[in-house]
Visitor: 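I'd like to ask you about the structure that follows.
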Amino acid sequence: MIHLLDDVRGGYDVDADVVILGSGAGGAVAAANLASAGLRTVVVEAGPRVTPSDMTRDGPAFLSKYYWEGGLRMLLGSGAYPAMTGRCLGGSTVVNSAILFALPRWVREAWRDEQGLDGMLAPELDAAFHRVLERTGVAPTPMEVMGRRNTITRDIFDAAGLASAPLPRGVKDCRGSGDCLTGCAAGAKQSVDRSWLPGAVADGAQIFTCSHVDRVLTEGTHAVGVEGRVVDPDGHAVLGTFRVRAPRVIVATGALHTPVVLLKSGITAGGNVGATFQAHISGFALGIMNEVTDPWVGATQGWGAFSERVPGMKFESLWAPTALLAAQWGSVGASWYKILADLRRAALIALVYRAKVTGSVSVRRDGMPDARLWIPKEEMWVVMRELKRIVDAMLKLGAEYVYTGVRGVPEQIRTPAQAEALLSHAIRPRHVTMTANHMFGSCRMSADPGRGVVDEQGRVNGVQGLWLADASIFPSPSAVNPQATVMALSDLISRRIGDLSLL
Amino acid sequence: MSERASWFEQIASAGLGATAEALFPPNDGGYPDCADTDLVARTAAWIQSLPEAQRFQLTLLYFGVEVLAPVLRPFGAGGPWRFSARTLEQRAQVIAAWRGSWIYPLRLFADALKTSVTMIYLAHPAVVRHIGEYKPWAHPDDAFEVDVRPIPVEGCR
């Protein structure tokens, strides 16, 4: 059963065999597995349920209700970077583009080598990826929903000498709305609230929404449950308190919130909680092409490529609500209006890079994550070099100009000579407009308890009955979109807890 | 801002109005402007819908632009007047100057001014219509107005 706001208003107090914090990619898989194993399973989700009738194409309105901190969360450190994560049943899978890649083998080898994790190359992990990708219905984005924005991205990649292909996404009967970031009202995106949580509920799981966990309860060194507050998702008023008693606690609230939950519970894992936060860094090129692309239709992210020169560099077509994408672009005042006429010819390509970064997550005074990301300038220069490649390709294809949001570079790059400014070593990370939506590693997995928060089975060091099952446990960035890896790791972790077969 | 506005909120409200008018002034190009898009009221309503921390940050942002302009005179603000007392062109010039500043926090401040109202501007149906945005199917429960047309087939090859 799914308990909505009216059911939980006033608070609740329940017992379970296992309580799972978070209903996103990790939490949903764990819930489905453990409920199927016959455990009394409770899921506690901070956000509300969002149904197709709740969704709106009004970007700011949707973000204010269904994203953490109204969609205005920022990572600080080398710069100020938006970090947008979903706050709703299904978590960020409801608001992402549904791209699912299995973790590349070279990253699995790196995780094994970095943190002594021999299981990263085990057949059990292969089986886990197979299960999650099959159940989520992952397939290449079909051509009939591409739209010109995606096919011109293909042409840009061709001009750049990049081998490219339709992106693999977890969707069924995609209608090419380009609405992924404000939820798929068509019901095509197989977010976990559609593909995994219904199975958990059918097997008896209880899901409590609008429930913010404040702390994990422990008796000695054993987790015994959680407690928190019921919060109205609209007015944010506290409506009651709750407690769930369970001998098994799985935290799957994401790379930002999981360390906060642990720290508020007095669990530091020797100082490692929150100490190794990382994120993919990014850049973008918004080209105003010499033809109408109608960027607002077509699969949100239908076409992609990997750099053959830079391991861990990925290129993706992208759209988001126009209100979000175009808000920072251009000048101010009456001269800005000219941009409106150009938007119909836009093509947007995002670069996502597995950079060597450092970071931390601590607890802000209001209980929210205070996340810092430190990006070496040399790593940002890597992004700039590959960004120039895309800019040059857009110009070669006849783009009138390209906007990159990089300070010190012409606002409207019109020639390859102007694009050379992207290679300047005067560029610093704070000069680059980027978002940090792939976040990891804040409670990383390691075979060495002195270097990590969890072991290879997701067990929190020093606390019995407590597991983590989200991107916070990644030893380092995944180089690909993290959802499938979160789900596969959670699958293995929860199967071990529920004594289910791993193969 | 909330219904019973405090002194702080009243000044912030003036700053919001002044910013919105300056960034989306009346024009000869037929573009929807601040008044056409009910921008001030819609931005204020959006701010009220946010969590407390973000509500405070944005209110502080607009309070800041209204009163800090004369303080920030050495950084392009020019003139001793409150922001809302300046002409539309002067206000736009001030924000543009701050966006180009070598001082990173000032650039962030100005970017936040521009980005916040621009986002709300772009979400108005008149602007959606003006830029030619459409979607391939109608969402029956969504009050957000947008034209519906199929995805051109030739673009999918």
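When reading the values below, keep in mind they use all heavy atoms of this one structure, side chains included, and skip hydrogens, waters and symmetry mates. In the text below, chain A, chain B and the rest are named by the order of the sequence lines, each starting its count at 1.
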Visitor: For chain A, find which of B:A92, B:A123, B:P25 contributes the most heavy-atom pairs closer than 4.5 angstrom.
Guide: B:P25
Visitor: Quick check for you: among A:R430, A:R407, A:R148, which has the greatest number of heavy-atom pairs under 4.5 Å with chain B?
Guide: A:R407
Visitor: Checking B:L23 against chain A: side chain, backbone, both or neither under 4.5 Å from a heavy atom?
Guide: both
Visitor: Select one option (side chain, backbone, both, neither) describing which atoms of A:P321 are under 4.5 Å from chain B's heavy atoms.
Guide: neither
Visitor: Considering only heavy atoms, which portion of A:D366 lies under 4.5 Å from any heavy atom of chain B: side chain, backbone, both, or neither?
Guide: side chain
Visitor: So that I can tick it off, tell me whether A:E291 and A:R345 are bridged by a salt bridge, with the cut-off set at under 4.0 angstrom between side-chain N and carboxylate O.
Guide: no
Visitor: Please look at B:Y104 and chain A and tell me whether the side chain, the backbone, both or neither of the residue comes under 4.5 angstrom of a heavy atom of that chain.
Guide: side chain
Visitor: Please determine whether a side-chain nitrogen of the Lys or Arg among A:R344 and A:D342 lies less than 4.0 Å from a carboxylate oxygen of the Asp or Glu.
Guide: no
Visitor: With a 4.5 angstrom heavy-atom cut-off, is it the side chain or the backbone of B:V117 that approaches chain A, or both, or neither?
Guide: neither
Visitor: Give, as side chain, backbone, both or neither, the part of B:D33 having an atom under 4.5 angstrom from any heavy atom of chain A.
Guide: both
Visitor: Name the one of A:C88, A:C180, A:C184 that satisfies side-chain contact (heavy atoms from CB on, under 4.5 Å) with A:V94?
Guide: A:C88
Visitor: For B:H130, is it the side chain, the backbone, both or neither that has a heavy atom under 4.5 Å from a heavy atom of chain A?
Guide: side chain
Visitor: Would you call the rings of A:W296 and A:W319 parallel, tilted or perpendicular, where under 30° means parallel and over 60° means perpendicular?
Guide: perpendicular
Visitor: Does either side chain, that of A:Q328 or that of B:D111, offer a donor lying less than 3.5 Å from an acceptor on the other one?
Guide: yes
Visitor: Give, as side chain, backbone, both or neither, the part of A:E69 having an atom under 4.5 angstrom from any heavy atom of chain B.
Guide: both
Visitor: For B:A22, is it the side chain, the backbone, both, or neither that has a heavy atom closer than 4.5 Å to a heavy atom of chain A?
Guide: backbone
Visitor: Pick one of side chain, backbone, both or neither for A:W68, based on which atoms fall under 4.5 Å of a heavy atom in chain B.
Guide: neither
Visitor: Using a 4.5 angstrom heavy-atom cutoff, name the option from B:R91, B:R99, B:R55 with the most pairs to chain A.
Guide: B:R99
Visitor: When heavy-atom pairs shorter than 4.5 Å are enumerated against chain B, which of A:G178, A:A186, A:G298 gives the highest number?
Guide: A:A186
Visitor: Of the backbone (N, CA, C, O) and the side chain (C-beta and beyond), which part of A:S331 lies under 4.5 Å from a heavy atom of chain B, both, or neither?
Guide: backbone
Visitor: Which bit of A:R364 comes within less than 4.5 Å of chain B, counting heavy atoms only: side chain, backbone, both or neither?
Guide: side chain
Visitor: Would you sort out whether B:S84 and B:E66 count as a side-chain hydrogen bond (donor to acceptor under 3.5 Å, both in side chains), showing the intermediate values?
Guide: CA-CA 6 Å; B:S84 57; B:E66 178 67 359; 2.5 Å; yes
Visitor: Just checking A:F284 against A:W329, ring centres under 6.0 Å apart?
Guide: no
Visitor: For A:N290, I'd like to know if atom CG has over 12 heavy atoms of other residues, nucleotides or ligands within 6.0 Å.
Guide: yes
Visitor: Check the pair A:Y66 / A:T182 against side-chain hydrogen bond (donor to acceptor under 3.5 Å, both in side chains), numbers first and verdict last.
Guide: CA-CA 9 Å; A:Y66 298 113; A:T182 51; over 6 Å; no
Visitor: Do A:H431 side-chain atoms and A:R428 backbone N/O form a donor-acceptor pair below 3.5 Å?
Guide: yes
Visitor: When heavy-atom pairs shorter than 4.5 Å are enumerated against chain A, which of B:W137, B:F144, B:Y134, B:W46 gives the highest number?
Guide: B:W137
Visitor: Give, as side chain, backbone, both or neither, the part of A:A326 having an atom under 4.5 angstrom from any heavy atom of chain B.
Guide: both
Visitor: Looking at B:D141, B:I95, B:T118, B:I131, which makes the most heavy-atom pairs under 4.5 Å with chain A?
Guide: B:I131
Visitor: Heavy-atom distances under 4.5 Å only: say whether B:E133 touches chain A with side chain, backbone, both or neither.
Guide: both
Visitor: When you check the side-chain N and O atoms of A:S317 and A:T153, is any donor under 3.5 Å from an acceptor?
Guide: no
Visitor: With only heavy atoms counted, which part of A:M55 is less than 4.5 Å from chain B, the side chain, the backbone, both or neither?
Guide: both
Visitor: Hey, what's the ring geometry for B:W98 with B:F83, parallel, tilted or perpendicular (30° and 60° as the breaks)?
Guide: parallel
Visitor: Just one of A:D179, A:V50, A:L181, A:L324 clears the side-chain contact (heavy atoms from CB on, under 4.5 Å) bar with A:F62, so which one?
Guide: A:V50
Visitor: Please look at A:R154 and chain B and tell me whether the side chain, the backbone, both or neither of the residue comes under 4.5 angstrom of a heavy atom of that chain.
Guide: side chain
Visitor: Evaluate B:Y31 against A:W336 for ring pair (Phe, Tyr, Trp, His ring centres under 6.0 Å), listing each step before the verdict.
Guide: CA-CA 10 Å; B:Y31 306 106; A:W336 181 87; 8.7 Å; no
Visitor: Measure A:L343 against the heavy atoms of chain B and call it side chain, backbone, both or neither at under 4.5 Å.
Guide: side chain
